[in-house]
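Notes for the one structure printed next.
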Amino acid sequence: MTSDSPRGGDVFDIDRIRQIVELMEQHELSEVDLQQADDRIKLTRGGTALPPAMLTPPAPVTAASSPTPASTPPPSTTTEGTDAPGTVTINSPMVGTFYGKPNPESKPFVEVGQAITEETVVCIIEAMKVFNEIPAECSGKILEVLVKDQEPVDFGKPLFRIQVDG
Amino acid sequence: MTSDSPRGGDVFDIDRIRQIVELMEQHELSEVDLQQADDRIKLTRGGTALPPAMLTPPAPVTAASSPTPASTPPPSTTTEGTDAPGTVTINSPMVGTFYGKPNPESKPFVEVGQAITEETVVCIIEAMKVFNEIPAECSGKILEVLVKDQEPVDFGKPLFRIQVDG
Amino acid sequence: MFQRVLIANRGEIALRVIRACRELGIESVAVFSEADRDSMHVKLANQAFCVGTARGADSYLKIDQIIAAAEVAGVDAIHPGYGFLAENAQFNEVCRSSGFEFIGPSPTAMEKLGDKNTARSMAIAQDVPVVPGSDGLIADFDRAESVASEIGFPVLIKATAGGGGKGMRVAESPEVLKSQLEAARNEALAAFGNGGVYLEKFVERPRHIEVQVIADSHGNVCHLFERDCSVQRRHQKLVEEAPSPDLPDDARKAICDAAVRMIAGADYVGAGTVEFIVDKDYRFYFIEVNARIQVEHPVSEMITGVDLIQEQIRVAAGLPLSFEQSSLVPQGVAIECRINAEDPTKNFQPCPGKITSMFAPGGLGVRFDSHATTGYTVPPYYDSMIGKLIVHRPTREMAIATMKRALDELQVEGISTSVAFHHWILNNEEFLSGSVDTKYVDRAYQGQS
Amino acid sequence: MFQRVLIANRGEIALRVIRACRELGIESVAVFSEADRDSMHVKLANQAFCVGTARGADSYLKIDQIIAAAEVAGVDAIHPGYGFLAENAQFNEVCRSSGFEFIGPSPTAMEKLGDKNTARSMAIAQDVPVVPGSDGLIADFDRAESVASEIGFPVLIKATAGGGGKGMRVAESPEVLKSQLEAARNEALAAFGNGGVYLEKFVERPRHIEVQVIADSHGNVCHLFERDCSVQRRHQKLVEEAPSPDLPDDARKAICDAAVRMIAGADYVGAGTVEFIVDKDYRFYFIEVNARIQVEHPVSEMITGVDLIQEQIRVAAGLPLSFEQSSLVPQGVAIECRINAEDPTKNFQPCPGKITSMFAPGGLGVRFDSHATTGYTVPPYYDSMIGKLIVHRPTREMAIATMKRALDELQVEGISTSVAFHHWILNNEEFLSGSVDTKYVDRAYQGQS
């Protein structure tokens with residue numbers, strides 16, 4: 001689930017470590033653990049880590065079909081630490097099967113590079129025989145599709161990475 | 001413990017390790033753990049992460065009656081991290097009962113402020129009906145008596161704090 | 001037998017069901033809320049699906065999300081555990097209509113037994129003694145007055161949809177009957193959206209004794225003897241034991257047989273508990289049936305050696321029970337202490353938070369069922385139980401000694417637990433003599449350690 | 001009864017004794033080396049004394065320091081556990097002469113049974129079958145040759161002071177007798193400072209079956225049935241179970257009775273184990289007596305419900321056993337897997353180090369005796385066992401299923417453990433059929449997972 005992995009290269013790079021440590025200090029982080037394949041950077045400060053409940057969860061961008069509009073955190077919480085500023089993810093508002101296309105023959109709802117508005121339907125998630133159209137709920141550009149067609153997804157699963165406008 | 005020791009050659013780069021340690025001290029990191037493929041650097045400050053055997057033990061100053069002369073670490077290991085430089089502790093070489101005086105009526109073997117030589121008997125530890133005279137094994141000045149008369153002591157228990165000569 | 005089972009629950013009971021599945025060679029599928037992402041039941045299951053945000057209403061109670069997970073995972077059956085959806089007849093129905101076996105009784109049996117008033121009538125029909133009272137709901141005050149004078153004061157006013165003490169009132173005398181009746185009605189209406197209440201004789205100093213029963217679809221109904229759950233605080237069980245420390249053999253036989261009759265007459269398949277109150281003369285009265293597995297089921301497992309969760313799964317799959325009544329010979333004494341993240345010195349106020357260090361007790365006769373471990377954070381969203389400490393020894397005296405040392409051994413740092421209460425009760429004369437009634441703790445315990 | 005007991009040991013057995021003391025209301029006093037300062041037995045004891053530096057020879061084997069601690073703490077008795085000083089007759093003697101009860105047999109009994117040759121003569125005197133061989137030491141090669149030809153090849157050459165396979169050699173034929181004899185002598189001399197060896201018939205495909213016995217000072221000698229410890233690697237036990245998976249009732253009765261005769265004839269007070277090898281026709285031969293508690297004692301506790309450590313303490317205090325032979329009825333099947341900090345894929349190479357995260361298994365039928373927990377560092381100075389996983393279920397099939405899932409559940413991160421080996425053996429046909437002999441693992445296991 002953690003998406004903050006080093007951009008490859010030499011994990012022993014002191015400058016990067018210093019930057020991370022300064023980040024930790026100024027942001028009161030108790031631990032940083034970065035890994036990618038065999039690469040790993042883990043830094044710990046002081047004693048206990050924050051309880052998960054207090055960590056920012058991977059939360060859904062509010063969607064019409066969201067089961068929990070009330071408890072949906074603000075969109076900003078879907079910004080990912082290591083991403084360039086202004087990028088968010090659209091997360092699944094439900095458990096189900098992801099469909100990138102309206103039907104097997106037709107082309108995908110959206111493709112990488114495509115501009116989207118809040119109303120743009122980005123995919124369908126099928127659950128209990130119901131096909132739920134998922135609107136983007138934000139406007140910008142598709143940077144990446146994070147799941148494969150017909151892949152099972154659960155609540156909060158990141159589906160698309162978006163470069164938001166402005 | 002072998003898993004804690006880096007294998008790759010350049011992982012041993014002292015400069016880098018020193019830099020990391022400086023970062024840790026200056027930023028109060030408790031642990032740094034870096035690995036890449038088989039390479040790994042893991043540094044931990046404080047806590048219990050170091051195996052006890054690798055910690056500086058409260059070890060006995062060699063005494064004639066020491067049960068373990070062979071395994072007795074050098075006196076330097078009795079220097080306590082928190083002490084001013086040049087102070088050491090004389091630790092109990094055995095389990096027993098501490099006596100600060102040769103007998104209830106007489107005055108203590110040594111008192112705070114008193115100068116001692118390596119041969120000075122600083123106390124008696126009674127074990128199995130045997131009264132073992134404990135020599136200072138170092139020369140200097142008594143700064144503090146750390147145990148009460150007739151207090152039970154176990155192996156390695158600090159008995160006196162000493163300001164060593166020179 | 002099933003290939004794959006989804007567990008619609010969390011915490012220690014999710015772990016308990018995973019254990020049973022593994023031993024039966026069944027794959028387990030967990031569901032979890034975002035607050036439980038790092039929880040042990042998620043780690044130990046073969047698959048796990050996040051079904052919503054932290055609050056139970058947004059995750060573990062989301063029927064559509066759980067069914068969707070069951071479909072995506074392709075399971076054969078769903079185990080509801082206890083609490084959450086375990087006694088929700090609608091969920092039961094949806095599971096079955098979606099093509100998943102529900103590991104529990106039919107929705108009909110669940111509904112009938114779930115309604116106290118219907119259950120009472122069924123008990124009477126099966127010749128199971130019930131507390132004298134209004135056979136049916138109390139329409140108005142006049143009816144209440146006549147019934148009360150007939151069975152005699154004090155009388156207990158109970159909500160027909162009630163549970164956990166809500167909508168329950170005692171009227172000591174005719175003067176307070178009206179006010180208590182209205183109080184009960186309003187409380188019931190608020191809590192259950194159903195203001196129906198009934199009257200019964202108020203049994204003083206009652207002990208809570210329940211019988212573990214399990215039935216298969218081949219007509220076999222067996223009991224696993226009784227549990228004494230009289231150590232309660234505000235109707236919440238804290239310590240349970242089997243067998244009851246004070247029950248003559250003839251009374252034991254009578255109460256167990258009554259429980260079997262009750263279940264046999266309810267067209268029931270699965271595990272269930274028939275609850276009774278017992279007075280000082282060992283007269284017992286039917287209270288209710290819990291149509292699910294219960295928190296305290298391990299004490300019955302310990303004295304019989306039967307794995308109740310495995311049997312639940314077997315009978316749900318249409319297999320017969322793996323044992324016969326005659327083969328069950330209770331061995332020794334088992335006691336369970338519920339370890340809650342609560343501070344007994346502060347009126348059992350819940351204290352969620354991070355467990356900075358934990359050591360689980362071991363040794364002869366000790367069983368510790370817990371999802372908690374060093375580094376686990378007890379979330380504030382769910383019930384506060386972090387584990388169940390169970391002991392099993394040849395005698396009650398030995399069991400108590402083992403429980404005391406296991407409680408000493410259990411180390412939980414970073415949060416408060418109910419251990420201090422358990423030390424108090426295990427050293428309490430009333431408890432040692434086996435004469436604790438269900439109100440005793442409320443009368444005698446004020447946070448002593 | 002004793003007021004305070006010192007435990008001259010470490011690790012899980014120190015914890016085990018502390019548990020027994022607590023349940024008996026006895027204060028426990030721990031001793032520890034500098035390497036064990038943060039160990040669980042130090043935390044759980046009422047008092048603890050550091051007795052030296054890390055190496056066993058500098059701490060747990062320091063008789064003078066341990067006695068000094070006993071004096072300072074003012075204990076009544078000393079429990080030696082197993083290993084370290086447990087079978088050291090001199091320590092036993094010093095304890096008693098210093099005024100402390102030694103929890104174990106008398107120095108004389110210990111010494112006599114500790115010498116294999118003397119023990120063999122005692123067995124013959126008690127009509128306990130022994131492996132045919134030289135009744136006494138082998139003076140020279142000629143004597144060896146005549147004995148060998150008399151009992152027939154292959155013959156086993158064993159050191160009289162031996163143990164753990166040291167100074168043990170098999171001579172398949174007359175040609176290799178001389179060379180093997182010398183090899184055994186030299187190895188024995190180096191290992192025990194005693195080159196005395198004897199000959200016996202080499203039993204092929206032997207199974208290791210031992211009988212748990214305990215005797216009080218009132219003339220009562222009881223057995224707690226047998227344990228099968230045939231799953232060994234290089235003479236080190238890895239898995240033990242009770243009862244034996246393949247032993248007819250008449251053979252079981254005969255072997256248990258023989259063990260009782262052996263102990264009854266040795267003027268013995270305390271717990272002990274009489275070890276036998278058993279051939280394919282269930283003929284059994286006496287091997288040796290372990291005059292102490294053993295690592296694998298829990299499997300006997302599980303099937304009998306008897307707390308062996310508490311009984312050890314009782315009889316050492318002069319009390320009679322708390323049970324009679326006739327009251328012991330074995331229940332179900334118990335299996336123990338030794339969890340060692342070893343890498344079975346790397347020839348069981350020990351791997352001490354820090355346990356970064358650990359989850360102890362729980363649930364029905366599971367007992368986990370361990371001093372390890374998250375954050376514990378396994379020191380390199382002592383044996384590598386970090387815990388014992390024990391299961392107890394009504395049948396062997398159930399016990400194996402429970403053990404498998406408990407092994408899956410046990411999570412130890414930061415170091416390697418022997419769990420992979422246990423998965424292999426629990427799925428092994430020979431093991432499942434109960435026909436594993438003491439050489440099987442050495443023949444069949446090459447680090448499979």
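First the proteins, then the strands, lettered A, B, ... as listed; each starts at 1.
When each of D:A401, D:G363, D:A360, D:G387 is checked for heavy-atom pairs under 4.5 Å with chain C, D:G363 comes out on top. The candidate from C:Q310, C:R393, C:M302 with the greatest count of non-hydrogen atom pairs under 4.5 Å with chain D is C:R393. Your options are C:K43, C:H392, C:E301, and the one with the most heavy-atom pairs under 4.5 Å with chain D is C:E301. Options D:V366, D:V306, D:D307 differ in how many heavy-atom pairs under 4.5 Å they form with chain C, and the most are formed by D:D307.
Atom OG1 of residue C:T374 and atom CD1 of residue D:I355 lie 11.0 Å apart, to the nearest 0.5 angstrom. With values rounded to the nearest 0.5 angstrom, C:F359 atom CZ is found 6.0 Å from D:L44 atom CG.
Between D:G305 and C:P394, the shortest heavy-atom distance links the atoms O-CG, 3.8 Å.
Although no hydrogens or angles enter the test, the distance criterion places a donor-acceptor pair under 3.5 Å between the side chain of C:T373 and the main chain of D:M358.
Proximity to chain C among residues 12-25 of chain D is limited to D:L15, D:R16, D:R19, D:R22, D:E23, judged by heavy-atom separations below 4.5 angstrom. Using non-hydrogen atoms only and a strict 4.5 Å limit, the part of residues 322-331 of chain D facing chain C consists of D:Q331. Among residues 402-412 of chain C, the residues having any heavy atom closer than 4.5 Å to a heavy atom of chain D are, in sequence order, C:T402, C:R405, C:D408, C:E409, C:Q411.
Residues forming a salt bridge (Lys or Arg N to Asp or Glu O under 4.0 Å) with C:R338 (at least two apart in sequence, or on another chain): C:E240, C:E296.
Neither the backbone nor the side chain of C:S357 comes within less than 4.5 Å of any heavy atom in chain D.
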